[in-house]
There are 2 protein chains.
Amino acid sequence: MTGDRSDLPLVPDLNLINQSLAIVCGKWRLYIILLLGKQTLRYGKISEMLPGVSEKVLASELKTLVALGVMKRKAYAEIPPRVEYTLTKKGLLILPILKQIQEIGRIFN
Amino acid sequence: MTGDRSDLPLVPDLNLINQSLAIVCGKWRLYIILLLGKQTLRYGKISEMLPGVSEKVLASELKTLVALGVMKRKAYAEIPPRVEYTLTKKGLLILPILKQIQEIGRIFN
DNA sequence: CAGTATCCCCATCGATACTG
DNA sequence: CAGTATCGATGGGGATACTG
């Protein structure tokens, strides 16, 4: 905020970090966001692409991500129901950073 | 798997992501690494710069980060004891990415 | 199809006291 | 000073069954 920001402050802002972690952390969080990177997906499709995640956890993670403003949900009044998830503008903004995070895994292989 | 890899795969590698999360996640993890970014620090100093973290949690987080290869521990045979923590080469490698993660918090403010 | 509703486990995080 | 040891609280994550 004040002065030069050529580098990050010596003592990083805990609130900022916690907010980042609130979005990134969680066993499936990153994976789900990455999956939605360039496509709109239906609930069933996400579920199918994520072998291992239980329905409850997937549903609650999606709900949280929508609440966080990372993605948006669009439900169609059809039978059978159809619900689609898409990244928001903010979600798209953080996408490159999220992709970078994968590089960490690569470095520590 | 097959074809062009100009971008990340449609279905990202779960193992890679999990490995990344293993390093990044945890309430204090990111903060500790960032703190060590450009300096070697003693246990007591880290503790002091992290108001709110209990000794047990700090100690176990440091131990884990050393085991992960993110930082290294150097103990001096002195009385009173002195222990210093420094980022490893790999730790330094991921530092820029970690700093980027803070930007996520900024975007969602 | 796209979710809830329940119930449960265990890993993580934490406070406090103690030690080499 | 730099940690363990111990006990306890919390909630993320999961299995299964059910519903609009």
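Residue numbers start from 1 in every chain, and the chains themselves are labelled A, B, ... in the order their sequence lines are given, proteins ahead of strands.
- Note on Lys27(A): a side-chain N or O is less than 4.0 Å away from OP1 or OP2 of dG14(D).
- Between Glu48(A) atom CD and dC1(C) atom P there is a gap of 10 Å when expressed in whole angstrom units.
- Mapping Pro81(A) and Glu61(A) onto DNA chain D by nearest heavy atom places Glu61(A) closer to the 5' end of the strand.
- Rounded to whole angstrom, the span from the CG atom of Leu41(B) across to the P atom of dA2(D) amounts to 11 Å.
- Listed candidates were dC1(C), dA2(D), dC13(C). Nearest to the side chain of Lys56(B) is dC13(C).
- Rounding to whole angstrom units, CG of residue Leu50(B) and P of dA2(D) are separated by 14 Å.
- Distance, Leu58(B) CG to dA2(D) C1': 10 Å, rounded to whole Å.
- Contact check, Tyr43(A) against dT4(C): no side-chain N or O comes under 4.0 Å of OP1 or OP2.
- Taking the side chain of Val57(B) as heavy atoms from C-beta on, and the options dT4(C), dG14(C), dA17(C), the nearest nucleotide is dG14(C).
- Taking 4.0 angstrom as the limit, Trp28(B) places a side-chain polar atom (N or O) nearer than this to OP1 or OP2 of dG14(C).
- Side-chain nitrogen and oxygen atoms of Arg42(B) include at least one within less than 4.0 Å of the OP1 or OP2 phosphate oxygen of dA2(D).
- Listed pair Lys63(B) / dT4(D) meets the phosphate criterion, a side-chain N or O lying under 4.0 Å from OP1 or OP2.
- Put simply, CD on Glu55(A) is 12 Å from C1' on dT19(D), counting in whole angstrom units.
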